[in-house]
Amino acid sequence: MKLLLPVDGSPNALAAVAHALHLVAAGLSAEFVLINVQEPANLYELVVAHDADVIEQVRGAAGADLLAPAEAMLSDAGQRWESEVAGGDPAHVLLELVERYACQAVVMGALGAGSAPSGSHLGAVALALLQRCPVPVTVVRVAEAAELAEAAEPTAAGDAEGGG
């Protein structure tokens, strides 16, 4: 199964990567596509930089930096992945990339680096994918990932009872 993992540097995005690795540890055979979407340059950036190529290089480097922790997690777990830094409206671009990479599912954080509507437990990008994505979308909160990690760790009492 090919999983799209949107990564924006937020704790929720890294929790989603951890959740995907937990699924693999539980027996899911998966391939990974890590994606970072950089929003288009705003007017201020265009005026200050004076050069669209410079803005593109800076955004590419920023996206690569944001992908690095997720890539390290996958590497440490012995997994292979593809990655891309894309540009545009995050929800729209992610929907396009699901199709381009032929992903069968998306595993993403509930809230990204951007702000969620007041009182919402989902960010705008997660909500858009839940509403429009043609494949299943799993939304992960940081608390869920922490609970999974705790459940996966053997307890001291359990280790002592296991004997050997």
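Keep in mind that this is a model prediction, so the values were computed, not measured. All residue numbers refer to positions in the sequence shown, counting from 1.
In terms of heavy-atom proximity, P134 sits nearest to E99 at CG-OE2, 4.5 Å. Across V17 and M73, no two heavy atoms sit closer than the pair CG1-CE, 3.9 Å. Closest heavy-atom contact between A110 and A126: O-CB, 3.6 Å. Between L14 and A70, the shortest heavy-atom contact is CD2-N, 3.9 Å.
The closest side-chain heavy-atom distance from V106 to P136 is not below 4.5 Å. Using a 4.5 Å heavy-atom threshold, the side chains of L122 and L130 count as touching. The shortest side-chain heavy-atom distance between L5 and V33 does not fall under the 4.5 Å cut-off. Within the 4.5 Å cutoff, no side-chain heavy atoms of P6 are placed close to those of V125.
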Start with the C-alpha gap between V7 and I35, add the side-chain angles, then the distance that decides, and say whether side-chain contact (heavy atoms from CB on, under 4.5 Å) holds. CA-CA 6 Å; V7 177; I35 301 294; over 6 Å; no

Full working for side-chain hydrogen bond (donor to acceptor under 3.5 Å, both in side chains) between S10 and D8: CA-CA 6 Å; S10 69; D8 63 0; 2.7 Å; yes

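Judged as a side chain to side chain contact (heavy atoms under 4.5 Å, CB included), and not counting sequence neighbours, the contacts of L28 are M1, L3, L23, A30.
Taken to the nearest 0.5 Å, the CG atom of L4 stands 8.5 Å off from the CG atom of L34. Considering CD of E39 and CZ of R59, their distance stands at 8.0 Å, rounded to 0.5 Å. Rounding to the nearest 0.5 Å places CZ of R141 at 8.5 Å from CG of N12. The distance from the CG atom of L127 to the CZ atom of R132 is 9.5 Å, given to the nearest 0.5 Å. One distance of note links OG1 of T138 with CE of M108; it measures 10.5 Å at 0.5 Å rounding.
Each of L66 and V140 belongs to its own hydrophobic cluster when Ile, Leu, Val, Met, Phe, Trp and Tyr are linked at side-chain heavy-atom distances under 4.5 angstrom.
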Distance-only donor-acceptor pairs under 3.5 Å for side chains of residues 75-92, two or more places apart:
from : atom 1 : to   : atom 2 : distance (Å)
E82  : OE2    : K2   : NZ     : 3.3
S83  : OG     : E71  : OE2    : 3.1
E84  : OE1    : R100 : NH1    : 3.1
E84  : OE1    : Y101 : OH     : 2.6
E84  : OE2    : R100 : NH1    : 3.3
D89  : OD2    : H92  : N      : 3.1
H92  : NE2    : E96  : OE2    : 2.6

